[in-house]
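All values below come from the heavy atoms of this structure, side chains included, with hydrogens, waters and symmetry mates left out.
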Amino acid sequence: MEGGDHLAHERNKAEFDVNEMKIVWAGSRHAFEVSNRMSRLVASDPVFDKSNRAVMTRKELFKNTLRKSAHAWKLINELRLSDEESVIFKYFMDQPGFLDLHWRMFVPAIKGQGTEEQKQKWLPLANKMQIIGCYAQTELGHGSNVQGLETTATFDPQTDQFILHSPTQTSSKWWPGGLGKVSTHAVVYARLITNGKDHGVHGFIVQLRNLDDHSPLPGITIGDIGVKFGNGAYNSMDNGFLMFDKFCIPRDQMLMRLSKVTREGKYVPSDVPRQLMYGTMVSVRQTIVSNASVAMARAVCIATRYSAVRRQFGSQNGGIETQVIDYKTQQNRLFPLLASAYAFRFVGEWLKWLYTDVTQRLEASDFATLPEAHACTAGLKSMTTSATSDGIEECRKLCGGHGYLWCSGLPELFAVYVPACTYEGDNVVLQLQVARFLMKTVAQLSSGKAPAGTTAYMGRAKHLLHCHSSIRKAEDWLNPAMVLEAFEARALRMAVSCANNLSKFENQEQGFSELLADLVEAAIAHCQLIVVSKFIAKLEGDIKGKGVKNQLKNLCYIYALHLIHKHLGDFLSTNTITPEQASLANNQLRSLYSQLRPNAVALVDAFDYTDHYLGSVLGRYDGNVYPKLFEEALKDPLNDSVVPDGYHEYIRPFIKQHLRSARL
């Protein structure tokens with residue numbers, strides 16, 4: 001039976017309205033229509049072909065990316081795409097390039113940190129791409145520790161200029177995307193020094209290259225940092241290095257919304273609260289969480305479709321073999337990842353709401369919820385990106401040997417995605433920020449101050465610290481209140497345990513350092529509770545379409561119960577549940593896998609990804625895997641000739657020598 005027939009049969013099993021699930025996944029009918037239109041616009045344009053990326057040299061890949069970026073900008077203008085459409089269009093291009101950093105980092109930095117005059121000067125140029133910018137913060141010697149940056153910007157009152165300088169090799173800017181070969185300008189972060197006093201790290205708009213011939217300006221050393229992990233992947237991006245040798249810029253190129261330096265060299269903080277910058281941070285991290293759901297969904301889509309096509313063992317009397325997806329071991333590894341894709345999607349939707357809420361509060365000078373918003377966005381960025389990078393690799397293994405082929409789409413997806421665990425905050429460092437917030441929240445419980453937002457459950461500490469789960473049968477694990485209580489009790493008890501252990505140290509910082517591993521685990525427990533609670537809240541909303549809500553319910557409890565299974569030590573050691581209740585959870589989990597099985601292919605179809613975007617022979621919509629694997633193999637340049645280059649020089653002498661020896 002052909003692969004396409006397998007998947008057609010799978011789709012006929014679906015017990016829900018796939019088109020309605022597509023709308024649920026997209027967030028709204030409007031969002032679905034925009035996404036559908038943009039993805040197909042990209043897929044139908046031969047300029048955006050991705051099939052030969054693996055065999056390109058680095059220079060060819062980079063030039064091809066420039067070509068695609070220029071073509072994309074041309075289409076965006078010719079078709080008069082809206083900002084929403086442009087963002088989605090560029091996303092479906094699926095090729096990292098300088099446009100990403102220009103629009104996601106450079107322009108927002110000027111919008112958020114520039115004065116009205118600076119925005120009027122620089123944004124029109126940036127919006128028309130008459131200047132191309134990047135975000136130069138990370139240095140060779142410092143990444144997560146922003147306050148440790150070494151680049152200096154010293155004000156010279158005689159010339160009314162800042163002198164940018166890289167005093168050490170480790171002070172060179174290192175990693176900014178778009179910096180190596182493309183950007184004409186950058187927002188550079190450096191230590192502001194006036195009258196011999198260091199005022200900490202501030203942002204500056206700096207021109208890097210001549211706008212006529214693109215050569216670096218005198219006093220600037222700049223280039224690409226070299227080949228990165230993966231074949232293709234992020235090698236299309238010119239991540240760069242940058243060093244300054246007493247390079248001068250006008251005083252008014254310091255971003256001065258939050259603070260400024262006068263003509264006389266006086267440092268003056270503005271009346272604008274620095275907390276306003278948190279709004280941008282929440283927005284960036286919300287985008288990262290949403291992207292995590294997309295990357296996880298791509299990997300799961302490939303692995304699910306291929307698991308339905310692939311057959312191994314189980315044949316009796318010469319009959320047909322068993323579909324790999326029917327093995328419980330495959331389901332136990334695959335279905336929780338499918339559930340995670342949906343879970344991360346819905347918590348990403350909630351973060352969009354949080355961003356709107358935080359922005360409105362900031363505009364009203366209400367900063368009360370900022371610490372909590374900062375903590376939960378930091379934690380969710382960390383948790384979802386770590387889970388997604390691990391999930392992509394698991395999907396590769398779920399596809400067996402063929403998953404290791406570049407044309408499976410999974411090796412490149414992993415290589416492109418895994419940096420998300422590091423950029424915008426190292427994942428372990430971010431969880432420690434969450435842990436500090438949790439320790440402060442626990443410390444305030446005795447004061448009578450009610451925790452808010454995602455820590456509101458801590459206000460019920462008296463109950464959660466002593467309650468015993470009332471789970472009696474497997475079906476009880478489908479009760480949202482019981483599931484939530486288990487996750488709340490586990491998270492609170494782990495946080496309180498850390499706080500109690502911290503209190504035993506005279507020096508709190510020393511105690512924090514000693515308990516780092518425990519604190520990270522407590523932070524992860526809190527973040528997993530957030531995701532579970534937002535998934536359950538989604539189920540309580542108005543969900544349309546035949547069978548859609550029931551499928552989401554199955555996914556929700558697969559996600560929650562698999563977390564209990566994976567972190568069973570936490571739940572048992574905190575006495576949140578008993579071993580018997582854990583066994584009931586596993587029984588219910590197996591039942592949910594069986595209920596999900598007939599709907600698995602339709603659930604990944606609901607992502608509505610084109611074959612172009614997936615970029616995978618194994619994940620093709622028609623399931624016609626094996627003939628296409630041969631086609632891809634025959635395209636490889638190594639197969640241009642039957643006898644390989646080098647045969648006469650190296651292989652033939654070896655064989656002939658062997659034969660002569662054999663005759664002796």
*Side chains of E84 and H30: donor-acceptor distance under 3.5 Å anywhere?*
yes

*Should E540 and K549 count as an ion pair when the cut-off is N to O under 4.0 Å?*
no

*Not counting sequence neighbours, which residues clear side chain to side chain donor-acceptor pair (under 3.5 Å) with S69? List them please.*
none

*Any chance the side chains of S290 and Q286 put a donor and an acceptor closer than 3.5 Å?*
yes

_Tell me whether the rings of H402 and Y626 are parallel (<30°), tilted (30 to 60°) or perpendicular (>60°)._
perpendicular

For residues 122-132, run the donor-acceptor check on the side chains, cut-off 3.5 Å, and write out each pair with its distance to 0.1 Å, sequence neighbours left out.
{"unit_1": "N127", "atom_1": "ND2", "unit_2": "L123", "atom_2": "O", "d": "3.2"}

*Which residues share a ring-ring contact (aromatic ring centres under 6.0 Å, His included) with W174, sequence neighbours left out*: none

*Is a side-chain donor or acceptor of S408 paired with a backbone partner of Y404 at a separation under 3.5 angstrom?*
no

_Checking the side chain of N231 only, and the main-chain atoms of A54 only, is there a donor and an acceptor separated by less than 3.5 Å?_
yes

*Establish, from distance only, whether the side-chain atoms of S236 and Q95 form a donor-acceptor pair under 3.5 Å.*
no

_Minimum heavy-atom separation for R80 and E85, please, with both atom names._
O-OE1, 4.4 Å

*Is the side chain of D17 donor-acceptor paired with the backbone N or O of K546 at a distance under 3.5 Å, no angle test?*
no

*Applying side chain to side chain donor-acceptor pair (under 3.5 Å), name anything that partners S283, two or more places apart in sequence or on another chain.*
none

*Is it true that atom CZ of R29 has more than 12 heavy atoms of other residues, nucleotides or ligands lying nearer than 6.0 Å?*
no

*How far apart are the closest heavy atoms of A295 and L413, and which atoms are they?*
O-CD2, 3.8 Å

*S386 and N427 side chains, donor-acceptor separation under 3.5 Å*: yes

*Is the shortest side-chain N to carboxylate O distance from E10 to K13 below 4.0 Å?*
yes

*asked:* Suppose we screen for side chain to side chain donor-acceptor pair (under 3.5 Å). Which residues come up paired with K538, at least two apart in sequence or across chains?
replied: E349

_I'd like to know if the side chain of E60 and the backbone of F62 have a donor-acceptor N/O pair within less than 3.5 Å._
no

*Would a distance-only check, ignoring hydrogens and angles, find a side-chain to backbone donor-acceptor pair under 3.5 Å from D238 to K181?*
yes

Do any side-chain atoms of residues 604-613 form donor-acceptor pairs under 3.5 angstrom with protein atoms, and if so which ones, sequence neighbours left out?
{"unit_1": "D605", "atom_1": "OD1", "unit_2": "R11", "atom_2": "NH2", "d": "3.3"}
{"unit_1": "D605", "atom_1": "OD1", "unit_2": "R305", "atom_2": "NE", "d": "3.4"}
{"unit_1": "D605", "atom_1": "OD1", "unit_2": "R305", "atom_2": "NH2", "d": "2.8"}
{"unit_1": "D605", "atom_1": "OD2", "unit_2": "R11", "atom_2": "NE", "d": "2.5"}
{"unit_1": "D608", "atom_1": "OD1", "unit_2": "R40", "atom_2": "NH2", "d": "3.3"}
{"unit_1": "D608", "atom_1": "OD2", "unit_2": "N36", "atom_2": "ND2", "d": "2.8"}
{"unit_1": "T610", "atom_1": "OG1", "unit_2": "Y613", "atom_2": "N", "d": "3.0"}
{"unit_1": "D611", "atom_1": "OD1", "unit_2": "Y621", "atom_2": "N", "d": "3.0"}
{"unit_1": "H612", "atom_1": "NE2", "unit_2": "F48", "atom_2": "O", "d": "2.7"}

